[in-house]
Amino acid sequence: MRKTVNKHSKIKSSNSEKETNSGIRLNKYIADSGFCSRRQADEIIKSGRVKVNNVIETNLARRVQPGDNVQIDSNPIKQSVKLEYILLNKPKDTITTVRDEKHRKTIMDVVKTKFRLFPVGRLDRNTTGVLILTNDGELANRLMHPKYQVERVYLAGLDKPLKFTDAERISKGVTTEDFKSSPCEIFIDPADHSLVYITLKEGKNREVKKIFETFGYKVKKLDRKSFAGITTAGLARGEFRRLTKQEVIHLKKAVKLI
Ligand code: URA
């Protein structure tokens with residue numbers, strides 16, 4: 001059975017390093033892998049035996065990010081932290097970032113966890129719905145990469161009914177000010193033509209709004225209904241839960257990790 005974690009729950013972490021969006025110290029990464037102590041890691045780094053993303057790193061202050069490739073003597077080192085996968089039903093007025101300089105409410109104020117999790121992609125401040133957070137950098141990078149064509153289904157509330165001719169043009173792919181969208185599926189709610197489901201597969205910044213703006217429509221409300229088939233069914237806005245093992249396997253399969 002799925003366990004729902006409410007807003008006030010905390011997830012315990014064995015990892016004592018503070019949450020940060022600037023990664024963790026290279027020596028800690030190496031120590032967490034079980035290779036040696038942090039102090040020994042410093043010596044190994046200074047001796048030039050450590051590479052980050054195939055470049056020798058001797059800077060002891062270097063921080064590594066999820067997805068970075070760390071090697072010692074050309075052998076890959078994996079930081080052994082528990083991998084965590086969270087599904088959030090993102091509420092409005094919440095910024096998709098780990099830390100906000102202006103102290104606005106972020107998703108980390110909603111998902112209270114001691115894990116250093118990162119959002120898989122971005123939703124605008126007032127966009128609601130499915131947002132996955134994880135510390136599995138490899139999975140996150142692939143889910144965000146357009147190559148894997150991960151489906152995102154949005155329900156957009158427009159400022160006026162969408163004309164069928166415009167829907168047809170959007171479905172064939174649009175050239176906006178910033179990008180060219182690929183062909184996509186569009187479904188207009190028969191009871192209210194200003195409510196439109198759009199399925200996109202690339203994850204470009206503010207893509208739904210830009211697509212509709214190109215045809216003179218304003219997106220007044222935006223809700224992500226699903227991401228890679230994962231929905232917020234059973235989760236109220238602002239609630240979150242761990243993904244099930246089956247859901248994690250499903251995501252990994254979707255991006256050819258297994
Ligand atoms: N497209 C947008 O315009 N905004 C979002 O938050 C997500 C997709």
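All values below come from the heavy atoms of this structure, side chains included, with hydrogens, waters and symmetry mates left out. Order of listing sets the numbers, starting from 1, for every ligand and every atom in it.
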Please list every donor-acceptor pair under 3.5 Å in which a side-chain atom of residues 212-222 meets a protein atom from a residue at least two apart or in another chain.
from	atom 1	to	atom 2	distance (Å)
T214	OG1	K210	O	2.6
Y217	OH	K163	N	3.1
Y217	OH	D166	OD2	2.5

For ligand 1, which part of L222 has a heavy atom less than 4.0 Å away: the side chain, the backbone, both, or neither?
->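 Answer for L222: side chain.
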If only atom types and distance count, is the side chain of N89 paired as donor or acceptor with the main-chain N or O of T232 below 3.5 Å?
->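 Flag not set: sc N89 to bb T232 has no pair under 3.5 Å.
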Heavy-atom nearest neighbour in the protein, as seen from atom 1 (N) of ligand 1, with distance rounded to 0.1 Å =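 The protein heavy atom lying closest is V208 N, 3.1 Å.
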Return the residue, atom name and 0.1 Å-rounded distance of the protein heavy atom closest to atom 4 (N) of ligand 1.
->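 In this structure, atom 4 (N) of ligand 1 has D124 OD2, 2.8 Å as its nearest protein heavy atom.
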With a cut-off of 4.0 Å, which atoms of ligand 1 are near a heavy atom of [X]?
| X | value |
| --- | --- |
| E207 | 1 (N), 2 (C), 3 (O) |
| T127 | 4 (N), 5 (C), 6 (O) |
| Y154 | 7 (C), 8 (C) |

Is any N or O atom of K204, backbone or side chain, closer than 3.5 Å to an N or O atom of ligand 1?
->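 N/O-N/O distance under 3.5 Å: no.
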Within-cut-off N or O pair, R122 and ligand 1, under 3.5 Å |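 Checking ligand 1 against R122, no N or O pair falls under 3.5 Å apart.
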Expected list for residues 46-58: side-chain donor-acceptor pairs under 3.5 angstrom, two or more places apart:
from	atom 1	to	atom 2	distance (Å)
K46	NZ	E43	OE2	3.4
S47	OG	I44	O	2.7
R49	NE	D73	OD1	2.9
R49	NE	D73	OD2	3.2
R49	NH2	D73	OD2	2.7
N53	OD1	N69	N	2.7
N53	ND2	D68	OD1	3.1
E57	OE1	R62	NH1	2.6
E57	OE2	N59	N	3.0

Cut-off 3.5 Å, side chains only: do D192 and S194 have a donor facing an acceptor?
->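 The answer is yes; a qualifying pair exists.
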With side chain to side chain contact (heavy atoms under 4.5 Å, CB included) as the test, would you mind laying out the steps for L200 and I211 before giving the verdict?
-> CA-CA 11 Å; L200 300 174; I211 288 170; 4.0 Å; yes
Evaluate side chain to side chain contact (heavy atoms under 4.5 Å, CB included) for L133 paired with E84, printing each intermediate quantity in order.
-> CA-CA 8 Å; L133 295 96; E84 185 73 18; over 6 Å; no
